[in-house]
There are 2 protein chains.
Amino acid sequence: MARKQGSHSDITGPKVRAAALRLIARHGCAAVSMRQIAAEVGVQAGALYNYTSDKQTLLFDLMRRHMEKLLAAYDETLITGTPTEQLRAFTLFHIRYHLPRRDEVFVSYMELRNLSPENFLVVEGLRRNYEDALEGILKAGEADGSFTLPDRKVTVLSLIAQLTGITNWYRDDGRLTQEQVEDIYCDLVLRTVSAPR
Amino acid sequence: MARKQGSHSDITGPKVRAAALRLIARHGCAAVSMRQIAAEVGVQAGALYNYTSDKQTLLFDLMRRHMEKLLAAYDETLITGTPTEQLRAFTLFHIRYHLPRRDEVFVSYMELRNLSPENFLVVEGLRRNYEDALEGILKAGEADGSFTLPDRKVTVLSLIAQLTGITNWYRDDGRLTQEQVEDIYCDLVLRTVSAPR
DNA sequence: TTTCCAAGTGAACAAGCGTTCATTTACAGT
DNA sequence: ACTGTAAATGAACGCTTGTTCACTTGGAAA
């Protein structure tokens, strides 16, 4: 039976993932050694292997967890109303979920190439689920005539690239507050789905 | 005096950069060893140091060259007419320049974090020049009333993220030809700068 | 108080790393 | 044919890598 108190595994496990995430986001997976991660946790390198079978799996866990938490958070978010209202809600959700999780976003996009083929497929599949959610909204908007799109699937990818790009330049102490950025992007996104005059 | 014939340096130099670009784009800078690059060129690792002072400089050269060639190609492109026509020309230029150079794009965006601070500033400055070119077009469009933007600088970053994102999903044997993608994005870009009805 | 075992240590492993350099190779100019 | 030198070799350098494992530690349960 697991210890109820004094057990470190419930503490060290998350610490390992947090340290790995921070370091990998800053330097890249191959550039970070298990010893560096261990040092950040305050432990010897060997101890990491109580929490992951190897480095590749540690990276995969970070990415899979990020995508699963994203989908879970999205499922818990109420996306209702007209397609236009839904699209606005999606935009706000995307910005609000991603902006405080820049390390996760960076790792999940940048380190895809370092996953084994089967691990890649898992993460890719999760990402597709998220894209499908947006596509559903666009489809509804096309159906009831609120949106006019040149190509639905391309619009999905374009919108997500546009929104996720915010994480690359937004600064808390920058010219714009997060609320201002949210307003600007709600505007830009709605323009994208409206037929030109 | 450099040899005019029989000299390998004019051949091996570009080969080194091409091999480094290919491998780094696929696996990341830290994951690729000088020996792997040398093997791809067909040479021993030591020979690489006739063409670069060290690995960091090799990476920096790839990124700086990419940005400089991009700016040079842009300068040679005739961007004239109304702001709307200019924006359309910019969109086509961006897609046509970046799509055949996906390795360069990937490396230039993904490996920024592995540059030394001073090298980072150089590449960052070159990128800003490119962004400024687009901002100039948007400014002209605002001035003559053809564009209405919620925020000019955010729109610049949003448009570039949107356009560059194409390199992540476009496939030559995919559903859409490059021409179709160009048309779709010209449409999307123009929507972005037009005030909603 | 004793027992037990999860958690962490620290040394060790073979392999690979970036980089240097004395040496060899082979071609251009004489 | 001879010379000079650019280009490449291949061995060597000290160091780091991911991973393993016999061993220690310290708190929970009996």
Looking only at N and O atoms, is any donor in the side chain of B/Arg35 or the base of C/dG18 less than 3.5 Å from an acceptor on the other one?
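It does, because a donor-acceptor pair links the side chain of B/Arg35 to the base of C/dG18 below 3.5 Å.
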Across the strands shown, which category fits B/Val32 at heavy-atom distances under 4.0 angstrom: base, sugar-phosphate, nothing?
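Answer is sugar-phosphate: B/Val32 comes under 4.0 Å of backbone atoms only.
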Between B/Glu40 and B/Gln36, do the side chains contain an N or O donor and an N or O acceptor separated by less than 3.5 Å?
no
Under 3.5 Å side-chain donor-acceptor pair for A/Glu111 and A/Asn114:
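Side-chain D/A pair, A/Glu111 to A/Asn114: present.
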Is the Lys NZ or Arg CZ of B/Arg26 less than 6.0 Å from the centre of B/Phe106's six-membered ring, within 45° of the axis?
no
Think A/Arg101 forms a cation-pi with A/Tyr97, using NZ or CZ under 6.0 Å from the six-ring centre and within 45 degrees of its axis?
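Positive - A/Arg101 is close enough to the ring of A/Tyr97 and near enough to its axis.
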Within this structure, what is the [atom1]-to-[atom2] distance between [X] and [N], rounded to whole angstrom?
{"X": "A/Leu48", "N": "D/dG18", "atom1": "CG", "atom2": "P", "answer": "10 Å"}
{"X": "B/Ile24", "N": "C/dG18", "atom1": "CD1", "atom2": "P", "answer": "10 Å"}
{"X": "B/Asn50", "N": "D/dT9", "atom1": "CG", "atom2": "P", "answer": "10 Å"}
{"X": "A/His27", "N": "D/dT16", "atom1": "NE2", "atom2": "C1'", "answer": "16 Å"}
{"X": "A/Gln44", "N": "D/dT19", "atom1": "CD", "atom2": "P", "answer": "17 Å"}
{"X": "A/Lys55", "N": "D/dT17", "atom1": "NZ", "atom2": "C1'", "answer": "8 Å"}
{"X": "A/Met34", "N": "C/dT9", "atom1": "CE", "atom2": "P", "answer": "14 Å"}
{"X": "B/Gln36", "N": "C/dG16", "atom1": "CD", "atom2": "C1'", "answer": "10 Å"}

Toward the 5' end of DNA chain C, by each residue's nearest nucleotide, A/Thr12 or B/Asp54
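Going by which nucleotide is closer to the 5' end, it is A/Thr12.
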Phosphate-side-chain proximity, [X] and [N], N/O vs OP1/OP2 below 4.0 Å:
{"X": "B/Ser33", "N": "C/dG16", "answer": "no"}
{"X": "B/Tyr49", "N": "D/dA8", "answer": "no"}
{"X": "A/Tyr51", "N": "C/dA7", "answer": "no"}

Pairs meeting criterion ring pair (Phe, Tyr, Trp, His ring centres under 6.0 Å) with involvement of residues 43-75 of chain A, two or more places apart
A/Tyr74-A/Phe90, A/Tyr74-A/Phe93, A/Tyr74-A/Tyr130
By nearest nucleotide on DNA chain D, pick out whichever of A/Ala47 and A/Ala31 is the more 5' one.
A/Ala31
